[in-house]
Student: 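Sharing a structure below in structure tokens format, with a few things to ask.
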Amino acid sequence: MSFPLLTATAVLPALGAVATAAVPAARREAAKWLALLVSLGTLALAVVVAVRFDPGGARFQLTESYDWIPAFGVRYELGVDGIGVALTLLTAVLIPFIVLAGWHDADPLETQTKRWRPTQGFFALILMVEAMVILSFEATDVFLFYIFFEAMLIPMYFLIGGFGDRAHQGGEEAAATQRSYAAVKFLLYNLAGGLIMLAAVIGLYVAAGSFSLPDILAARADGELTMGTNTERLLFLGFFLAFAVKAPLWPLHTWLPNAMGEATAPVAVLITAVVDKVGTFAMLRFCLGLFPEASKWATPVVLVLALISIVYGALLAVGQRDIKRLVAYASISHFGFIILGVFVMTSQGQSGATLYMVNHGISTAALMLVAGFLISRRGSRLIADYGGVQKVAPVLAGTFLIGGLATLSLPGLAPFVSEFLVLVGAFARYPVVGVIATFGIVLAALYTLVLYQRTMTGPVRPEVAKLPDLRVRELAVAAPLIALLIFLGVYPQPLTDLVNPAVRHTMSDVQQHDPEPEVEAAK
């Protein structure tokens, strides 16, 4: 029996979470180092998964399958395609930076007497989220996927509600109230979507007789499985609504600005760069794979919602006064691009959407974590409280600028490639959709450059005159992320080679082909 590599990749952070939580209260530093070492070990396993994966081989590889609840047809079934490998790598790459960036975020405050921030619990919860997200990317049993899709809400709830941003202007009591509100809103939105999905998961088993994605795909390809039109559409809606909440897609997005605004910067990155990717990944794997006809039926409406997300998120980002909420609304706009790429039903669009998931994760991590370092120095999230930072902390300002330029998809940085492919895919089938989506790029340039101008340039405000530049630990977070943005912007081929075969399988599932280019005949 071969080594269960996929299981190991998820079990290591889960065991690490238990071990970190068990570290004695007085050994906070030991808990931090343990969490960091576990996250690095998980990254090493994820790299092994990527190395052993053959893009030209079978659709699902490194598979594991064991009986779990035979009476209900539930199996512990894992397997990865190129998209799953790419997102598992993204998760494993980002968690060590999240741990490093949050090194002091859960330390007890010297003036804090009523509430103790348990450092061990903070890092244990981060590792537990990592384990559940990785299992979500690996699960090929729909019921197993559902379990981890929902279970990750529990540690995220405690991370948002129990370890909030210390730069809250209203004092500790007001901050605690806002954290509680954001955490409950996050939980209720996602639980509501999850309960609808549970009904759809049960309905899928009734209609298909199996929870196994590979078995369902094979039965459909062989003509042994057919669903009634109304049945397929209802099941699609049940899955899609849950994924749209997680994604987040307008108008189901309103929990995200609250959650990111009240969470610490590393937890905000965990939300938008890691957890939310499960929603867009699941649209590709489950909505298009399980319900191809319903996906094509819903495409016009989904494209309209994606366009609204792109423009609406960008417009609200332009008007934000809070740095973290600006990044949150920018992320809503970017997720609109990802969903657009998924549902334009072209290989360029879906390849671009997958690359966008990876590149958005890296660029948002770079921008938000550096913004978190800035906020922790000044003690304020308000843009108006800054000015002239580049003169007193040039390295911090420089990394902030590169993260911002990546957010607006500057050529030469990783997100440009993915956004370009999404737009190419959109123009190939829906030119009007491509034109409207392009407007989001203009708005992205506006909110990014205005943010940089108001915080980093101009006269030095007295409150920022003595801000220190990035320290060694902070440079260890920012520098590799910037390097990744540049490398994948200049040389995206390793990622495209990984995801393109999986995209071809998805296009085959929905029986779509790329439109032939229209060439005017020579006169």
Side-chain angles (χ1 to χ4, degrees), residues 101-105 109 164-172 174-175 178 182 256-269 272 313-333 363-408 410 443-471 473-475 477-479 481-482 485:
W103 202 255
H104 298 299
D105 284 358
L109 296 172
D165 190 355
R166 292 176 176 178
H168 199 286
Q169 275 67 49
E172 179 62 24
Q178 289 299 317
L256 182 67
N258 296 99
M260 288 185 66
E262 299 306 322
T264 64
V267 172
V269 171
T272 191
L315 282 172
L316 286 186
V318 171
Q320 286 304 303
R321 297 181 299 169
D322 183 309
I323 297 174
K324 292 167 70 177
R325 289 178 72 90
L326 185 152
V327 178
Y329 281 110
S331 291
I332 291 169
S333 181
S363 62
T364 299
L367 180 62
M368 179 60 90
L369 293 179
V370 174
F373 298 149
L374 177 66
I375 292 167
S376 67
R377 286 159 164 73
R378 173 68 176 84
S380 172
R381 295 163 13 197
L382 298 180
I383 297 172
D385 288 341
Y386 295 88
V389 174
Q390 67 180 13
K391 296 177 182 177
V392 297
V395 177
L396 188 155
T399 52
F400 188 85
L401 177 61
I402 296 174
L405 293 176
T407 297
L408 63 83
L410 184 77
L443 293 174
L446 180 60
Y447 63 69
T448 300
L449 295 178
V450 168
L451 172 64
Y452 184 83
Q453 178 194 28
R454 292 179 178 175
T455 55
M456 301 296 165
T457 65
V460 179
R461 290 178 61 91
E463 296 86 354
V464 304
K466 295 183 180 180
L467 289 186
D469 213 334
L470 291 184
R471 303 178 179 91
R473 174 181 59 84
E474 296 164 337
L475 279 171
V477 172
L481 292 173
I482 298 300
L485 288 173

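These figures come from a predicted structure and were not determined experimentally. The basis for the numbers below is simple: all heavy atoms, side chains too, and nothing from hydrogens, waters or symmetry mates.
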Student: How many angstroms lie between atom CE of Met368 and atom CZ of Phe373, to the nearest 0.5 angstrom?
Tutor: 12.0 Å
Student: Measure the CD1-CZ distance between Ile482 and Phe400 for me, rounded to the nearest 0.5 Å.
Tutor: 11.0 Å
Student: Which heavy atom of Ala263 sits nearest a heavy atom of Ala268, and at what distance?
Tutor: CB-N, 4.1 Å
Student: Is there a side-chain contact between Pro257 and Ile332 (heavy atoms, below 4.5 Å)?
Tutor: yes
Student: Roughly how far, to the nearest 0.5 Å, is the OG atom of Ser376 from the CG atom of Leu467?
Tutor: 9.0 Å
Student: Mind listing the closest non-hydrogen atom pair of Val464 and Gly387 along with its distance?
Tutor: CG2-O, 3.2 Å
Student: About how many Å separate CG of Leu367 and CG of Leu485, when rounded to the nearest 0.5 Å?
Tutor: 10.0 Å
Student: I'd like to know if the side chain of Arg381 and the backbone of Ile375 have a donor-acceptor N/O pair within less than 3.5 Å.
Tutor: no
Student: Looking only at non-hydrogen atoms, find the nearest pair between Ala393 and Pro468 and report the distance.
Tutor: CB-O, 4.1 Å
Student: Would you mind reporting whether Arg325 and Asn258 have side-chain heavy atoms less than 4.5 Å apart?
Tutor: yes
Student: Using 0.5 Å steps for rounding, measure from the NZ atom of Lys391 to the OG1 atom of Thr457.
Tutor: 8.5 Å
Student: Using side-chain heavy atoms (C-beta onward) and a distance below 4.5 Å, is Glu474 in contact with Thr399?
Tutor: no
Student: Examine the side chains of Ser331 and Thr272 and answer whether a donor and an acceptor come within less than 3.5 Å of each other.
Tutor: yes
Student: Less than 4.5 Å apart, any side-chain heavy atom of Val450 and any of Val318?
Tutor: no
Student: Apply side-chain contact (heavy atoms from CB on, under 4.5 Å) to the pair Met456 and Leu396, showing each step before the final yes or no.
Tutor: CA-CA 9 Å; Met456 301 296 165; Leu396 188 155; 3.9 Å; yes
Student: Using a 3.5 Å distance criterion without hydrogens, assess whether the side chain of Arg378 forms a donor-acceptor pair with backbone atoms of Tyr386.
Tutor: no
Student: Could you tell me which non-hydrogen atom of Ser333 sits nearest to which non-hydrogen atom of Gly313, and how far apart they are?
Tutor: CB-C, 4.1 Å
Student: Look at atom CZ of Arg473 and say whether more than 12 heavy atoms of other residues, nucleotides or ligands are closer to it than 6.0 Å.
Tutor: yes
Student: Determine whether Asp385 and Glu463 make a side-chain contact, defined as any pair of heavy atoms from C-beta on separated by less than 4.5 Å.
Tutor: no
Student: Do you see a donor-acceptor pair shorter than 3.5 Å between the side chains of Gln390 and Tyr452?
Tutor: yes
Student: Tyr447 and side-chain contact (heavy atoms from CB on, under 4.5 Å): which single residue from Leu316, Leu315, Thr407 fits?
Tutor: Thr407
Student: Using only atom types and a distance under 3.5 Å, with no angle test, would you say the side chain of Arg377 pairs donor to acceptor with the backbone of Asp469?
Tutor: yes
Student: Indicate yes or no: at least one non-hydrogen side-chain atom of Asp105 is less than 4.5 angstrom from one of Pro266.
Tutor: yes
Student: Can you tell me how far apart CG (Leu374) and CG (Leu369) are? Round to the nearest 0.5 Å.
Tutor: 12.5 Å
